[in-house]
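Each residue takes its place number in the sequence, starting with 1. Basis for what follows: all heavy atoms, side chains included, without hydrogens, waters or symmetry-related copies.
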Amino acid sequence: MQLDGGRRRGFFVTLEGPEGSGKSTQAHRLAGRLTAAGYHCTLTREPGGTLLGEEVRKIILHELSPVPAADAFLFNAARAQLVAEVIEPALARGDVVICDRFADSTLAYQGYGAGQSIEALRALADYAAGDIVPDLTILIDLPVEDGLRRKRDSAEINRFESTFDLAFHRRVRDGFLALAAAEPDRFVVLDGLLSPEQTEVAVADALRPRLAKKQDSRRINAERRTHDLRVDPSEPNGASVRMNK
């Protein structure tokens with residue numbers, strides 16, 4: 001369940017992109033920037049981020065080859081655990097939560113890429129994540145050929161890079177762009193051909209105004225709650241308010 005109003009105090013940002021986009025590097029760089037600026041950050045990833053999630057990660061990225069429907073269920077099982085164990089508690093305590101991939105990846109890979117029903121995948125992701133939706137999703141986009149070349153050069157190859165053809169990865173990229181076009185208020189699309197340093201600055205620039213807006217909203221809500229709790233002592237029949245310590 002999403003924490004709303006004053007209860008969901010944190011900010012949730014996800015980084016998405018096709019293979020080789022550099023999103024994992026940028027997630028770590030963003031966490032470093034925010035921590036240096038005094039923010040409390042929680043950095044995590046999908047699949048993974050919990051003991052259960054990391055075991056699922058081994059299975060679906062490196063050990064076995066599930067069919068697309070099984071992929072979707074496994075990714076969402078890891079997601080449900082991550083939300084309950086890591087993301088929701090971090091948002092409740094006011095952290096900036098940075099997640100390397102989230103539900104949009106399932107829609108792009110198992111939906112647009114593998115041809116599974118987008119509607120069914122959305123329903124499954126909603127069930128796994130509850131009402132948790134990113135405040136900001138940064139999509140680092142680049143041509144498929146460039147991304148796969150980067151991965152080959154890095155020697156970090158997973159099942160999706162080694163067994164799926166170029167057409168699959170092009171559908172995934174197109175899927176990400178379609179998702180971004182459908183939700184322009186949530187997505188910011190960045191050029192993945194920029195240098196890592198340029199991308200780092202662009203990611204920070206995309207986050208800064210949204211994070212400031214969230215903080216302003218929290219301040220206003222806090223002021224309203226404080227005002228609502230005030231009782232005019234001149235009112236003999238005024239309701240009393242007890243604040244538990």
Side-chain angles (χ1 to χ4, degrees), residues 1-17 21-46 49 79 82-105 107 125-126 129-142 176-177 179-230:
M1 177 179 291
Q2 179 171 323
L3 301 174
D4 54 19
R7 292 175 60 211
R8 178 176 172 175
R9 300 172 54 235
F11 188 94
F12 186 27
V13 55
T14 57
L15 286 92
E16 299 281 6
S21 61
K23 58 184 178 42
S24 301
T25 296
Q26 295 305 325
H28 282 85
R29 291 191 177 204
L30 179 60
R33 272 183 174 251
L34 288 171
T35 300
Y39 289 93
H40 292 282
C41 291
T42 294
L43 174 63
T44 190
R45 67 177 181 175
E46 277 208 353
R79 180 170 301 132
L82 182 65
V83 167
E85 190 175 324
V86 177
I87 295 175
E88 197 169 47
L91 291 175
R93 63 177 176 261
D95 287 12
V96 178
V97 178
I98 304 166
C99 193
D100 177 1
R101 295 202 185 281
F102 198 60
D104 294 302
S105 278
L107 299 178
D126 288 345
D131 293 330
I132 293 291
V133 177
D135 295 293
L136 169 65
T137 296
I138 297 173
L139 172 60
I140 304 177
D141 175 60
L142 79 168
F176 274 126
L177 293 173
L179 294 170
E183 293 189 68
D185 291 338
R186 174 164 69 90
F187 276 85
V188 171
V189 181
L190 301 181
D191 183 359
L193 293 178
L194 296 173
S195 70
E197 293 72 25
Q198 290 172 315
T199 303
E200 180 182 350
V201 172
V203 169
D205 287 345
L207 175 61
R208 189 176 298 110
R210 294 167 186 253
L211 190 53
K213 183 177 180 180
K214 180 84 172 202
Q215 290 175 319
D216 288 343
S217 176
R218 283 173 51 189
R219 176 182 55 77
I220 292 170
N221 287 337
E223 290 173 354
R224 285 175 178 168
R225 288 194 297 274
T226 300
H227 180 271
D228 291 342
L229 289 172
R230 290 174 183 163

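- Between the side chains of E46 and S105, no donor N or O sits under 3.5 Å from an acceptor N or O.
- L34 is listed as a side-chain neighbour of L211, based on a closest heavy-atom distance under 4.5 Å.
- For the pair V203/L190, a side-chain contact is recorded, criterion being any heavy-atom separation below 4.5 Å from C-beta on.
- In this structure, R33 and V201 have side chains that are in contact, with non-hydrogen atoms separated by less than 4.5 Å.
- Residues D126 and D131 form no side-chain contact, since every pair of their non-hydrogen atoms from C-beta on lies 4.5 Å or further apart.
- The minimum heavy-atom distance between T42 and A90, with the atom names listed, is OG1-CB, 3.5 Å.
- Applying the side-chain hydrogen bond (donor to acceptor under 3.5 Å, both in side chains) criterion to D141, with sequence neighbours excluded, gives R173.
- Pairs of residues two or more places apart, or lying in two chains, that qualify as ring pair (Phe, Tyr, Trp, His ring centres under 6.0 Å) and include a residue from residues 82-103 are F12-F102.
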Check: So L139 and V188, side chain to side chain contact (heavy atoms under 4.5 Å, CB included) or not? Walk me through it.
Finding: CA-CA 6 Å; L139 172 60; V188 171; over 6 Å; no
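- Between the CG atom in L179 and the CG atom in D104 there is a gap of 5.5 Å [rounded to 0.5 Å].
- P134 has its side chain out of reach of V97: every pair of non-hydrogen atoms, C-beta onward, lies at least 4.5 Å apart.
- Across all their heavy atoms, V86 and G49 have their closest contact at CG2-O, 3.7 Å.
- Between the CG atom in L207 and the CG atom in D135 there is a gap of 9.5 Å [rounded to 0.5 Å].
- Using a 4.5 Å heavy-atom cutoff, the side chains of I140 and L15 are in contact.
- The NZ atom of K23 lies 5.5 Å from the OG atom of S21; values are rounded to the nearest 0.5 Å.
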Margin query: Set out, in order, the CA-CA distance, both residues' side-chain angles and the distance that settles side chain to side chain contact (heavy atoms under 4.5 Å, CB included) for R101 and E16, then state yes or no.
Written below: CA-CA 5 Å; R101 295 202 185 281; E16 299 281 6; 3.7 Å; yes
Check: Checking side chain to side chain contact (heavy atoms under 4.5 Å, CB included) for the pair H28/L43: CA distance, chi angles, key distance, verdict?
Finding: CA-CA 7 Å; H28 282 85; L43 174 63; 3.5 Å; yes
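- The side-chain heavy atoms of D191 and L142, taken from C-beta on, include no pair separated by under 4.5 Å.
- In this structure, R210 has no salt bridge (Lys or Arg N to Asp or Glu O under 4.0 Å) partners at least two apart in sequence or on a different chain.
- Considering CD of E85 and OG1 of T44, their distance stands at 9.5 Å, rounded to 0.5 Å.
- Note that OG1 of T199 and CD1 of I138 are 10.5 Å apart. Values are rounded to the nearest 0.5 Å.
- Residues C41 and A31 share a closest heavy-atom pair of SG-O, 4.1 Å.
- Note that CZ of R79 is 12.5 Å distant from CD1 of I132, once rounded to the nearest 0.5 Å.
- Residues L30 and E200 fail the side-chain proximity criterion, which asks for heavy atoms closer than 4.5 Å.
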